[in-house]
Number of protein chains: 2
Amino acid sequence: MTTTVLLVDDHPVVRSGLRAVLDAAETLQVVGEAATGEEALALAAHLRPDVVLCDLRLGNGIDGIQTTAALRALDPAPAVLILTTFDRDAEILGAIEAGAAGYLLKEVDPDVIIDGIQRAAAGDTVLAPDLASRVLKGMRSPLPRLTDREIDVLRLLATGSANKEIARALFVTEATVKSHLVHVFTKLGVDSRSRAIHVAQETGLI
Amino acid sequence: MTTTVLLVDDHPVVRSGLRAVLDAAETLQVVGEAATGEEALALAAHLRPDVVLCDLRLGNGIDGIQTTAALRALDPAPAVLILTTFDRDAEILGAIEAGAAGYLLKEVDPDVIIDGIQRAAAGDTVLAPDLASRVLKGMRSPLPRLTDREIDVLRLLATGSANKEIARALFVTEATVKSHLVHVFTKLGVDSRSRAIHVAQETGLI
DNA sequence: ACAAAGATCAACCAAAAGATTGATACGGCC
DNA sequence: GGCCGTATCAATCTTTTGGTTGATCTTTGT
């Protein structure tokens, strides 16, 4: 039984490579390609693939996590297998929480991708062992949840802004910014803005 | 006349895609593939390709810029065309300074890559117009050159370390760290550690 | 041999950041 | 209706950072 696959990646050469690899597997058939999340949704609704192989970073527009969530809301809903270079906790957990059946890194051999697609189509969860342990760890001690406002402050922080500048940008007082920073520092377990930026970037919170 | 090409990328699916694309072009012939800079050097010395198509990030070991410099030191020296997702100034200028004949981003269409390889083989410089203007800008007002010690301090800064912690890590006094930071801030045109981290990351200095 | 650059260190002062304590108002949930 | 979480704000104090001025020693380049 042939499994149909939709490829979603903003790099043409990656799509070419995936097509060459998957076409060589007799049980898989590439039915379409998309360079953006929006294209992926339109094509998936029309072509009804069994599996969507999707990158996380998709240029402008919605990202791979948002694309995954939207794909999983389709009827019928394809299995989504993430294939990306990004391995930060927030991204892995975000993809799984969005409904991805699996998460592979682009460094893997092509036959791992083929096997992953087949297992995703069969309803299995597809994770490399080290990623699986990180997902379990994430379920046990989840990444801190920052409120929208805290994210706003943190993003400005990461551009190098001082508290006064952040206050000005968000139309609040410096005291308010400091209050938000106290919460952010506590949630991230840090005690300086430099550390907060570093942890947030490493884990993919921003 | 057939142009021979060596592919250097740590992602197997990217190499597959490039091979599929280049094999379809009758004037090009892929003669080998490497996943690391070290492999690339060994293969290039043996296969003597006209052009090496090389990514910047190559997993562990030497990076694409170091690989480019080493390839250009071979006799005969192949033309090196960078194909990467990274478009930060320091990386572009670093690759050009290392002797790369050109720099393309992976978002481009396959025929742009084919054309780029042919032009690189012919001795031309291969840059997308927007990258070319940035290279010219880089020649007019080059990125600041930081000393090895300043880079040491900046890297630790980027992990979120306080001045005392950086001093401890480098076995110097806090006064020494502050002195280096004064120079770093001046060279980067910033006035805070957060801004220094941001600018350094955006331009690819760290 | 000399000059320049880099690395090191210090002292002082002002500004910013961070911690603490305390508060009000609003929206959502039970 | 009450509780909880979020967003907002303030005052005070301590710590850290950043800027300035000044210095010595070593290494590098001409």
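Below, chain A is the first sequence line, B the second, and so on; all start at residue 1.
As judged by a 4.0 angstrom heavy-atom cut-off over every strand, B:Thr147 is placed among residues touching the sugar-phosphate backbone only. Residue A:Ala162 is classed as a sugar-phosphate contact, given heavy-atom separations below 4.0 Å to backbone atoms only. Backbone-only engagement by B:Ser192 is indicated by non-hydrogen atom pairs under 4.0 Å involving sugar-phosphate atoms exclusively. Residue contacts for B:Lys178: at a heavy-atom cut-off of 4.0 Å it reaches a base atom on one of the strands shown.
Side chain to side chain, A:Thr4 and A:Asp50 meet the donor-acceptor criterion of an N or O pair below 3.5 Å. A:Thr176 and A:Thr173 form a side-chain donor-acceptor contact under 3.5 Å, judged by distance and modelled atom types alone. A side-chain donor from one of B:Thr159 and B:Ser161 sits under 3.5 Å from a side-chain acceptor of the other. Remark: the B:Thr3 side chain and the B:Gln29 side chain contain no N/O donor-acceptor pair separated by less than 3.5 Å. Residues A:Thr203 and A:Asp89 bring no donor and acceptor atom of their side chains to less than 3.5 Å of each other.
When A:Ile197, A:Leu205, A:Val199 are each tested for a side chain to side chain contact (heavy atoms under 4.5 Å, CB included) with A:Gln201, only one passes: A:Ile197.
D:dT8 atom C1' lies 14 Å from atom CD of A:Glu174, rounded to whole Å. Protein atom CG of A:Leu170 is 11 Å distant from nucleotide atom P of D:dA7, rounded to whole Å. Counting to the nearest Å, the P atom of D:dG18 and the NE2 atom of B:His183 are 15 Å from each other. The interatomic distance linking B:Phe185 (CZ) with D:dG18 (P) rounds to 4 Å, in whole Å. In this structure, the NE2 atom of A:His180 is 6 Å from the P atom of D:dA7, given to the nearest Å. Between the C1' atom of D:dG18 and the CG atom of B:Leu188 lies a distance of 15 Å, rounded to the nearest Å. Going from atom CG of A:Asn163 over to atom P of D:dA10 covers 14 Å, rounded to whole Å. Atom pair B:Asp148:CG and D:dT27:C1' shows a separation of 13 Å (rounding to whole Å applied).
Nearer the 5' end of DNA chain C, as judged by each residue's closest nucleotide, is the contact made by A:Ser161, out of A:Ser179 and A:Ser161. Positionally, the nearest nucleotide of DNA chain D for A:Lys187 lies more toward the 5' end than for the other of A:Lys187 and A:Ala175.
Taking only side-chain atoms of B:Asp191, from C-beta outward, the nucleotide of D:dG19, D:dT8, D:dT17 with the closest atom is D:dG19.
Along DNA chain C, read 5' to 3', the first and last nucleotides having any atom under 4.0 Å from a heavy atom of chain B are C:dG6 to C:dA10.
Applying the 6.0 Å contact sphere to CG of B:Asn60 captures no more than 12 heavy atoms from other residues, nucleotides or ligands.
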